[in-house]
A.B. asks: 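Once you've had a glance at the structure underneath, I'll fire off some questions.
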Amino acid sequence: MQILSMPQGDFSLQRYPVRPRETLRAWDAADEYLLQQLADEALPAKDSRVLIVNDNFGALSVALHPHQPTLISDSWLAHRATLNNLKENKLPPDGISLLDALSPPQGQFDLVLIRVPKSLAMLEDQLTRLRPHLHTESRILAAGMAKHIHTSTLKLFAQCLGTTTTSLARKKARLILTRFDPQLSPATDKYPSGYLLDSPLLDSPLSNSSLSNRPVSDSRGKESGGRANQQQYQVTNHAGVFSRDSLDIGTRFFLQHLPASLDEKHIIDLACGNGVVGLIAAERNPNARLTFVDESFMAVESARLNFNTAFGADTHKAKFQATDCLHGIAPNSADLILNNPPFHQQNVVGDFIARQMFRESKRVLRRGGDLLVVGNRHLGYHIMLKKLFGNCEVVASNKKFVILSARKA
Ligand SMILES: C[S@@+](CC[C@H](N)C(=O)[O-])C[C@H]1O[C@@H](n2cnc3c(N)ncnc32)[C@H](O)[C@@H]1O
């Protein structure tokens, strides 16, 4: 636990998930810059309605707690970190309103603080959604590390909201100052966007190929003009979702090797993104139950939309949950876990999330259940899996990717 000392007070903050020997702080120089700027300008004014967008671990929300801010974040981890940090500072959790990035806030805001997200698409979507909640006197201050603020970032603020300037960099952080222009008529929100997914041909030693390309009923998708029995699915992605405009090549390789004919088994699409992995697993295993999990609310909603468009909303067949890895999923409950792990969490790159996902998979798999992982060849996942499960097989590999399988003994 580390202490953030600002004019607003001293706050004890930590990241979520809490890791032993954590060296990273739960705030950065951009949070400090923003809070200092507010103090210098004596903001927020009394009775102001305050909106915070993309607070990473709750530093801004905790410091501005007396103003009962609304926090919008697409990240389940950010929600959880904020709630934990409020508790740690003995502040009541109901003092702030927590919203995911798809839920519109109520009314208009006098002060809007934005942590600039890494994805420009996400920023564009968020700024477009923000417009109806601003008035001519709304103050809009955004902040980020200078390396994440580009000309294109500033252009987006100007196009979506109004005249935009930046501050000098301080400790490598920058502020963006925008004056809301109600006369501006920006383009309508481009998101969600999508693509058509051709059900890939199965190419797996684990599979039963007689079931793999089984045609599905009309409601699930159109027959494409290509190979016989090949299905085509409409894939829709909210702005923050991984590989939003086209199928990722690692995922494409994974889809070609998903097992079939698993009967009434429970399959988890872990780190589901838009859910295409679980969707093709469901096509190949019509009697299986699916659970889709991701820490991004937009990802989980995209997965829900894509699954329901393909197969209809059937709550017995599929569940959708925003969570950290497999937090909250019952132990010994899954027969197969499918995983294309992320290699970064917010701005931190590393294999620590993959490690956590593999560890939690072992807990959630039944005995004899399999974890199937796709990853870049160089990532060394086979060493981690072998150590954890005591076994690991290569299911398939190409020049770039490898698909590995580990069984819970
Ligand atoms: C490489 S993408 C894979 C998406 C999808 N399965 C595919 O193959 O197209 C990794 C996903 O992991 C999610 N993610 C990152 N950290 C996570 C965490 N701690 N718990 C659950 N999901 C996480 C990201 O939001 C992202 O959707």
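Just so you know, residue 1 is the first one in the sequence shown, and it goes up from there. First listed ligand is number 1; within each ligand, the first listed atom is number 1.
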A.B. asks: I want to know if ligand 1 touches Asp269 in the polar sense, i.e. an N/O pair below 3.5 angstrom.
C.D. replies: no
A.B. asks: Please verify whether a non-hydrogen atom of Thr323 lies at under 4.0 Å from ligand 1.
C.D. replies: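 Yes, that is the case, since the closest heavy atom of the residue is under 4.0 Å from the ligand.
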A.B. asks: Going by heavy-atom distance to atom 17 (C) of ligand 1, choose the closest among Arg252, Glu295, Arg244.
C.D. replies: Glu295
A.B. asks: Taking the six-membered ring for Trp, are Phe297 and His79 closer than 6.0 Å centroid to centroid?
C.D. replies: yes
A.B. asks: Which pairs, with at least one residue in residues 96-108 and sequence neighbours excluded, count as a side-chain hydrogen bond (donor to acceptor under 3.5 Å, both in side chains)?
C.D. replies: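 Sorted result for residues 96-108: Asp100-Ser103.
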A.B. asks: With a 4.0 Å cut-off on heavy atoms, does Asp248 reach ligand 1?
C.D. replies: no
A.B. asks: Check Cys272 against ligand 1 and report side chain, backbone, both or neither, counting heavy atoms closer than 4.0 Å.
C.D. replies: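 For Cys272, only backbone atoms sit under 4.0 Å from ligand 1.
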A.B. asks: Using non-hydrogen atoms of the residue, decide whether Met357 is closer than 4.0 angstrom to ligand 1.
C.D. replies: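 Right, Met357 reaches ligand 1.
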A.B. asks: Establish, yes or no, whether a centroid distance under 6.0 Å links the rings of Phe307 and Phe292.
C.D. replies: yes
A.B. asks: When you look at CZ of Arg363, are more than 12 heavy atoms from neighbouring residues, nucleotides or ligands closer to it than 6.0 Å?
C.D. replies: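 Yes, the 6.0 Å shell around CZ holds more than 12 heavy atoms from other groups.
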A.B. asks: Can you find an N/O atom of Asp294 closer than 3.5 Å to an N/O atom of ligand 1?
C.D. replies: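 Yes - when backbone and side-chain N and O of Asp294 are compared with those of ligand 1, one distance drops under 3.5 Å.
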A.B. asks: In a check of side chain to side chain contact (heavy atoms under 4.5 Å, CB included) between Leu141 and each of Val112, Thr178, Leu177, which one passes?
C.D. replies: Leu177
A.B. asks: Thr251 to ligand 1: N or O pair under 3.5 Å?
C.D. replies: yes
A.B. asks: Under 3.5 Å, N or O to N or O, is Ala299 touching ligand 1 that way?
C.D. replies: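 No, there is no polar N/O contact under 3.5 Å.
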A.B. asks: When you measure from the heavy atoms of Cys325 to every atom of ligand 1, does any distance fall below 4.0 Å?
C.D. replies: yes
A.B. asks: Examine the proximity of ligand 1 to Val374 and report which part, side chain or backbone, both or neither, has a heavy atom under 4.0 Å away.
C.D. replies: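 Val374 to ligand 1: no contact under 4.0 Å from either part.
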A.B. asks: Applying side-chain contact (heavy atoms from CB on, under 4.5 Å), name anything that partners Ala142, two or more places apart in sequence or on another chain.
C.D. replies: Ile114, Val116, Phe157, Ile176
A.B. asks: Are Phe358 and Tyr381 close enough that their ring centres sit under 6.0 Å apart?
C.D. replies: yes
